[in-house]
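What follows is a set of notes on a single structure, which appears directly below.
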Amino acid sequence: MSELNNIALEILQNGKGILAADESTGTMTKRLESVNVSSTPENRLLFRETLFSSSCMTGCIGGVILYDETIKQKTSKKNKIPELISEMGAAPGIKVDTGAKVLAGSPDEKITEGLDGLRERLKEYFKLGAKFTKWRGVYNITKNFPSKLAIQSNAHALARYSSLVQECNMVPIVEPEVLMDGEHSANECYEKTSEVIKKCFEELILHKVDLTGIILKPNMILAGNKSKDKISNEDVAKLTLKCLKNSVPSEVPGIAFLSGGQTEIEATENLNLINKHNDTNFIMSYSYGRALQQSALKFWSKDIKDIEGTQKIFNHRAKMNTLAAQGKWSKDLEI
Ligand code: 13P
């Protein structure tokens, strides 16, 4: 087993999943302002430190994706954030892309940037304790999109990123996110997601990325949020599994889904069904942002000093998702 394969397995084994706490300052500001908390570096740190010191970090959360600001911050007890996460038993990770920008040549689509100077930034993050990284490509479904250009250029960037990350002895999370926004059917999501993922692996292989040392972070197969097409959770699970079976090489050790705008319960229920039906060798777990943090953030915003109450809510969500990652969740376990 390679060292990178070990790291990937340690993050995802036994139902463990990933907390995506890598919102950029802009996104975090929107999240905090939506619950009437001002977005200062201190408040951003306080909420995140509250999550990172929760008991579920041992046993449920295998890795935390950080943003550049957070990986350089210190806790109230003056510990470094990556040290706190490691002490709790999880691996610190870092988002390294610099965001999705307008794609020249197809200006209604996006290309993710951040390759220039990446090798040097990776060395710095490695020294700060990062064990894994994340890069997100984003694709819209419409009648004409995603275009071949968007599919090709984002796959190329994801592969160049992954290759640099492995050179620096960290595990790349490869995140091609086909967005839920739009009127498309679940079948269209299936078709486009399959095309996107296949192209990503074509490029990863071309760039000699060790597929045993990556984690794939895809969307589930869902109908668009403005679609007339309604799809059952059972069918979400079946279509998602079919898509991944047909497009992901068997060497990949683990798949950790993004929640992508699903409610907390939906994201848990769908993950649970995926695992109930999982007839592959892939670990199928979670790498959720909103679906792990939403209720905790809402509670915290009412009294930002109530650490214990906030942690209780976060611990519950993490536990539910860890059960779902083993196909052992049921609705009556929800409080
Ligand atoms: P969501 O689970 O909120 O979609 O966030 C996951 C993530 O990291 C998106 O890049």
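Read the numbers this way: they start at 1 and go in the same order the structure lists the ligands and their atoms. Throughout, numbering of the chain's residues begins at 1 and tracks the sequence.
The protein atom (non-hydrogen) at minimum distance from atom 9 (C) of ligand 1 is Glu175 OE2, 3.3 Å. Closest protein heavy atom to atom 6 (C) of ligand 1: Lys217 NZ, 3.4 Å. At the shortest separation from atom 2 (O) of ligand 1 among protein heavy atoms lies Ser259 OG, 2.5 Å. In terms of protein heavy-atom proximity, atom 4 (O) of ligand 1 is closest to Gly260 N, 2.7 Å.
Asp229 contributes no side-chain N or O that, together with a main-chain N or O of Ala223, makes up a donor-acceptor pair within less than 3.5 Å.
In this structure, Ala267 falls outside the shell of residues with a heavy atom less than 4.0 angstrom from ligand 1.
In this structure, the side chains of Arg48 and Gln73 stay at 4.5 Å or more apart for every pair of heavy atoms. Between Leu149 and Leu103, some side-chain heavy-atom pair lies under the 4.5 Å cut-off. Taking 4.5 Å as the limit, some side-chain heavy atom of Ile197 sits within range of a side-chain heavy atom of Pro218.
For ligand 1, the atoms lying closer than 4.0 Å to a non-hydrogen atom of Ser287 are 6 (C). Those atoms of ligand 1 that come under 4.0 Å of a heavy atom in Tyr288, given as number and element, are 2 (O).
Both the sub-6.0 Å distance and the 45° axial angle are satisfied by Lys242 relative to the ring of Tyr190.
Of the heavy atoms in Arg290, both backbone and side-chain atoms come closer than 4.0 Å to ligand 1.
No more than 12 heavy-atom neighbours from other residues, nucleotides or ligands sit within 6.0 angstrom of CZ on Arg160.
In terms of N/O distances under 3.5 Å, ligand 1 is approached by Gly289. When only interatomic distances are considered, the shortest N/O to N/O separation between Gly261 and ligand 1 does not fall below 3.5 Å. Looking at Lys134 next to ligand 1, an N or O pair under 3.5 Å apart turns up.
No side-chain donor-acceptor contact under 3.5 Å links Asn169 and Glu3.
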Test side chain to side chain donor-acceptor pair (under 3.5 Å) applied to Ser86 and Glu83, step by step: CA-CA 5 Å; Ser86 303; Glu83 284 172 11; over 6 Å; no
